[in-house]
Amino acid sequence: MSHAPIDADHLSRRWLGKAKHDLPANAASVMQSTADRRPISEDVNTAFQGRQTFGDRLADRVAAFGGSWPFIIAFGVFLALWTAGNLLLRKAAFDPYPFIFLNLVLSMLAAVQAPVIMMSQNRQAAKDRLDASNDYQVNLKAEIEIMALLDKVEQLATRQEEQTRMIERLLIQKGR
């Protein structure tokens, strides 16, 4: 069954009460996809991954590892070994108590790790915004499609009522 082309501006005025050019870009896109009878949803993960640089992917991996239990456990073991080793070696220790070199290492690690985690969080927030925008578009299109279906059901019900009245009139005329 072939469908007649639908004007996106007509749909926009009918379902949203505004001309298509008065809508935000994402709503206008929904109207156009509805008029064209094509899907609006997209895989945000695929779209987002395609735009990541090597540095972005590396920062995400570092942040993922830095916030994991294996990292916490390994780092705890490292700190315990560093402390125990230096306490046992006493005067021959390469970083005697109060572990000034260890403090330097920890400060440098924090200085590098914090911005990397923040970069990763910023990218996740951008991805979340894309995901929310896609969800909005899909939901808006679903609402429009439901309104269109309800309109068609109402039209069919009206036709059914008209046909029923016509049949009743014919039966009355025939019965006379």
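Ion pairing between K127 and D131 fails under the 4.0 Å rule for side-chain N and carboxylate O.
Side-chain contact between V77 and L81: present, with at least one pair of heavy atoms (C-beta onward) separated by less than 4.5 Å.
Ring orientation note: the planes of F71 and F75 are close to parallel, at an angle under 30° on the 30°/60° scale.
Put simply, the side chain of S68 gets close to the backbone of F65: a donor and an acceptor are under 3.5 Å apart. For T158 (side chain) and E154 (main-chain N/O), a donor-acceptor pair under 3.5 Å exists by modelled atom type. Proximity of a side-chain donor or acceptor of S12 to a complementary backbone N or O of A8 within less than 3.5 Å is not detected.
Within 6.0 Å of atom CE in M147, more than 12 heavy atoms from other residues, nucleotides or ligands are found, so the atom counts as buried in its surroundings. Crowding of F54 atom CZ: a count of heavy atoms from other residues, nucleotides or ligands under 6.0 Å not exceeding 12.
Side-chain contact, T53 with D56: a donor N or O sits under 3.5 Å from an acceptor N or O. Of the N and O atoms on the side chains of E143 and N139, not one donor lies less than 3.5 Å from an acceptor on the other residue. At a cut-off of 3.5 Å, with distance as the only test, no side-chain donor of N45 or Q49 sits close to an acceptor on the other residue.
Y136 pairs by the ring-ring contact (aromatic ring centres under 6.0 Å, His included) definition with nothing, not counting sequence neighbours.
Proximity of the aromatic rings of Y97 and F99 is defined here by a centroid distance below 6.0 angstrom, and this criterion is met.
Applying the side-chain hydrogen bond (donor to acceptor under 3.5 Å, both in side chains) test to residues at least two apart or on different chains, the pairs with a partner in residues 77-91 are W82-D95.
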